[in-house]
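Have a look at the structure below before the remarks.
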Amino acid sequence: MDLLHSQLAALQQKLSFVATDPIDWKFYVQVFSWSVTLFESYLLLRQYPLYSKTSPPEVLVDHFDAEAFTKSQNYGKDKAKFSLITGLFKQALDSAMLHYGLYAFAWDMAGGLIGYFGYSSEYEITQSLAFAIVLFVISSIPSIPLSAYQTFVLEEKHGFNKTTPALFVTDLLKSWAIGFVIGMPFLAAFLYVFGWAGDRFVPWLMAFLLAFQIIMVIIYPTVIQPLFNKLSPLQEGELRTRTESLATKLKFPLKHLYEIDGSKRSSHSNAYFFGLPWSKHIVIFDTLIKESKPEEVEAVLAHELGHWYHMHPTKLLCVSQVHIFTILAMFPAFLHAPQFLRAFDFSAAISARPPTIVAFLLFQMILSPLEAVIGIALNSLSRQFEWEADRFACEIQDRLSAPEMKDMGERLSRALITLHIKNLSTVWVDWLYSAYHHSHPTLTERLKALQAFQSKRDRAAKKEL
């Protein structure tokens with residue numbers, strides 16, 4: 001532990017310029033945030049012309065009829081327009097909040113709110129909670145109309161929306177309530193660890209965040225998700241039999257098999273698993289069950305179980321811990337730099353003892369370009385995991401000595417095509433746009449890879465004969 005802290009101290013020494021050099025941090029945040037937003041807009045403009053193509057890629061020609069392809073192109077075009085406008089609009093709002101010193105104003109307002117109840121500024125955690133609420137209210141007001149437009153205009157236009165106005169408002173209130181019930185205690189504990197551990201907070205905070213992630217894995221499906229969707233045991237039948245048999249053969253620790261009423265809000269479909277290492281749950285959207293044959297859904301689940309087999313969730317968790325550690329390791333240099341807050345219009349008195357939540361929020365803004373690059377790297381890693389899971393599905397018959405699964409790759413291909421057609425997913429994708437935004441390979445890439453996996457396996461089988 002002493003070695004760790006000595007290395008962290010050496011890092012802080014290298015970052016000492018944050019507290020000594022006269023840097024206009026507000027200007028750099030504006031430049032950084034606008035650079036990221038304009039780059040994302042550029043990517044949308046690269047992608048947009050592809051929505052004007054009149055036929056799908058050659059590998060998909062036999063699977064898309066003209067009507068389905070036209071609908072997919074129109075949906076992608078409308079989503080791109082919406083993303084471009086909302087991205088620029090949100091950035092303009094964020095930029096205005098920075099320019100006019102809204103964060104300093106929100107901190108002062110939070111101080112006034114707790115002062116009304118008899119608390120002084122010495123109660124930093126209490127004021128920080130009030131500060132978070134003030135910022136949440138300010139940021140939520142402009143986002144509600146955008147969310148409503150996306151749901152009741154864009155999604156409605158293309159036949160996906162199943163949400164009623166009453167359900168929209170109910171979901172909004174529920175999400176706010178959950179954010180308050182979980183977010184406020186989490187933030188209070190987060191700040192308490194900072195104060196309690198002092199400059200040696202990094203390992204303690206890492207442990208706290210990891211424990212919180214594990215707790216959320218437990219309570220999200222059992223407490224939070226049922227507030228929005230109904231999870232029912234999957235009915236007896238061919239799909240349940242196939243799924244349980246697959247899980248048993250792979251020694252997947254399946255505890256519950258659910259069907260979720262995703263159609264309550266949208267026509268989009270999916271399947272996933274969650275849970276602790278010794279107790280897993282599989283969830284299948286009712287829309288997927290309705291639109292695909294049982295053997296195709298089984299292939300989708302074989303892909304998902306490939307993620308489990310190769311320990312992809314665990315690997316991603318480890319990567320996220322390294323990411324979090326890096327951020328926390330750099331943060332003290334900014335926390336102990338009064339002029340850092342002064343650059344964002346905070347008073348000299350507040351900047352002399354920077355509130356942790358404020359310094360951390362502004363520090364994250366500084367990291368926005370780095371986070372964009374890290375996002376690209378994580379997407380690349382995620383796509384590699386998707387290839388592995390697809391390959392696992394193709395090779396599952398060899399792993400299990402189950403000749404009845406020899407066509408699993410073909411089934412997965414059919415299922416992916418069905419999902420893309422029903423979800424009106426984009427089939428023409430610019431490579432740079434995909435690298436930045438997509439955690440999954442494109443449909444064309446996956447189909448070609450599945451064919452290659454299957455051909456390689458077939459050649460290997462012939463050699464054995």
Side-chain angles (χ1 to χ4, degrees), residues 8 11-12 15 17-19 23-40 87 90-107 110 124-125 127-136 138-140 143 179 183-184 186-191 193-195 199 201-202 205-206 208-210 212-213 319-346 350-351 354-379 436:
L8 291 173
L11 176 62
Q12 298 312 308
L15 294 174
F17 69 89
V18 175
I23 300 174
D24 188 352
W25 290 107
K26 182 197 284 190
F27 171 76
Y28 281 110
V29 168
Q30 293 279 28
V31 171
F32 291 162
S33 60
W34 272 107
S35 296
V36 172
T37 299
L38 293 176
F39 178 69
E40 291 175 348
K90 290 178 179 178
Q91 175 55 36
L93 285 179
D94 291 342
S95 184
M97 290 173 64
L98 272 174
H99 180 74
Y100 293 106
L102 194 64
Y103 293 98
F105 169 78
W107 181 257
E124 183 184 329
I125 293 180
Q127 187 169 351
S128 297
L129 297 179
F131 172 74
I133 293 172
V134 171
L135 280 186
F136 174 77
I138 293 174
S139 61
S140 294
S143 68
M184 291 296 103
F186 167 78
L187 180 57
F190 182 86
L191 296 173
V193 172
F194 261 113
D199 288 338
F201 67 84
V202 174
L205 204 54
M206 289 284 297
F208 166 73
L209 293 174
L210 181 60
F212 179 76
Q213 288 175 292
V319 171
S320 72
Q321 298 310 301
V322 174
H323 181 206
I324 292 171
F325 175 82
T326 304
I327 292 174
L328 294 178
M330 293 189 294
F331 176 56
F334 293 82
L335 178 62
H336 301 309
Q339 68 178 24
F340 178 56
L341 262 66
R342 288 288 289 160
F344 294 94
D345 306 301
F346 284 84
I350 294 175
S351 300
T356 301
I357 187 175
V358 174
F360 194 72
L361 175 64
L362 299 177
F363 168 63
Q364 287 184 304
M365 294 180 186
I366 296 290
L367 296 179
S368 58
L370 178 61
E371 290 297 300
V373 174
I374 291 173
I376 295 174
L378 290 176
N379 279 342
Y436 186 85

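Counting only heavy atoms from C-beta outward, the side chains of Trp107 and Ile350 approach each other to under 4.5 Å. Side chains of Asn379 and Ile376 form no contact here, defined as non-hydrogen atoms less than 4.5 Å apart. With contacts defined as side-chain heavy-atom distances shorter than 4.5 Å, the pair Ile374/Leu378 qualifies. Counting heavy atoms from C-beta on, the side chains of Asp345 and Tyr103 never come closer than 4.5 Å. With contacts defined as side-chain heavy-atom distances shorter than 4.5 Å, the pair Val18/Gln339 does not qualify. In this structure, Asp94 and Ser139 have side chains that are not in contact, with every pair of non-hydrogen atoms separated by 4.5 Å or more.
Residue Ser128 forms a side-chain contact (heavy atoms from CB on, under 4.5 Å) with just one option from Ile357, Ile133, Thr356, Val358, and that option is Ile357.
Separation of the Phe360 and Phe190 ring centroids falls under the 6.0 Å cut-off.
The backbone N or O of Gly87 sits nowhere less than 3.5 Å from a side-chain atom of Glu40 that would complete a donor-acceptor pair. Not one N or O on the side chain of Ser95 forms a donor-acceptor pair closer than 3.5 Å with the backbone of Gln91.
Between Ile125 atom CD1 and Leu187 atom CG the span is 8.5 Å, to the nearest 0.5 Å. How far CG of Leu93 is from CG of Leu102: 10.5 Å, rounded to the nearest 0.5 Å. Here the straight-line distance linking atom CG of Leu210 with atom OG of Ser320 works out to 8.0 Å at 0.5 Å rounding. Here Leu361 contributes atom CG and Ile366 contributes atom CD1; the two are 11.0 Å apart, rounded to the nearest 0.5 Å.
The aromatic rings of Tyr436 and Phe39 stand perpendicular to each other, their planes meeting at an angle above 60°, with 30° marking the opposite boundary. Taking the six-membered ring where the residue is Trp, Phe32 and Tyr28 present tilted rings, their angle falling between 30° and 60°. Using cut-offs of 30° and 60° on the angle between ring planes, the pair Phe212 and Phe186 is tilted. Between Phe340 and Phe344, the ring planes lie perpendicular to each other; the angle is over 60°, past the 30° to 60° tilted range.
The number of heavy atoms from other shown groups lying within 6.0 Å of NZ (Lys90) does not exceed 12.
Val36 and Pro369 get closest at one heavy-atom pair: CG2-CA, 4.1 Å. For Val29 against Met365, the heavy-atom pair with the smallest separation is CG1-CB, 3.8 Å. Leu129 and Met184 get closest at one heavy-atom pair: CD2-O, 3.6 Å. Residue Ala106 comes nearest to Leu135 through the heavy atom pair CB-CD2, 4.0 Å, listed as atom of the first residue, atom of the second, then distance. The heavy-atom pair separating Ser368 from Ser33 by the smallest distance is OG-N, 4.1 Å.
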Quiz: residues 321-332 side-chain donor-acceptor pairs under 3.5 angstrom, not counting sequence neighbours:
| from | atom 1 | to | atom 2 | distance (Å) |
| --- | --- | --- | --- | --- |
| Gln321 | NE2 | Gln213 | OE1 | 2.8 |
| His323 | NE2 | Glu371 | OE1 | 3.2 |
| His323 | NE2 | Glu371 | OE2 | 2.9 |
| Thr326 | OG1 | Val322 | O | 2.9 |

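Applying the ring-ring contact (aromatic ring centres under 6.0 Å, His included) test to Phe105 and every residue at least two apart in sequence or in another chain returns nothing.
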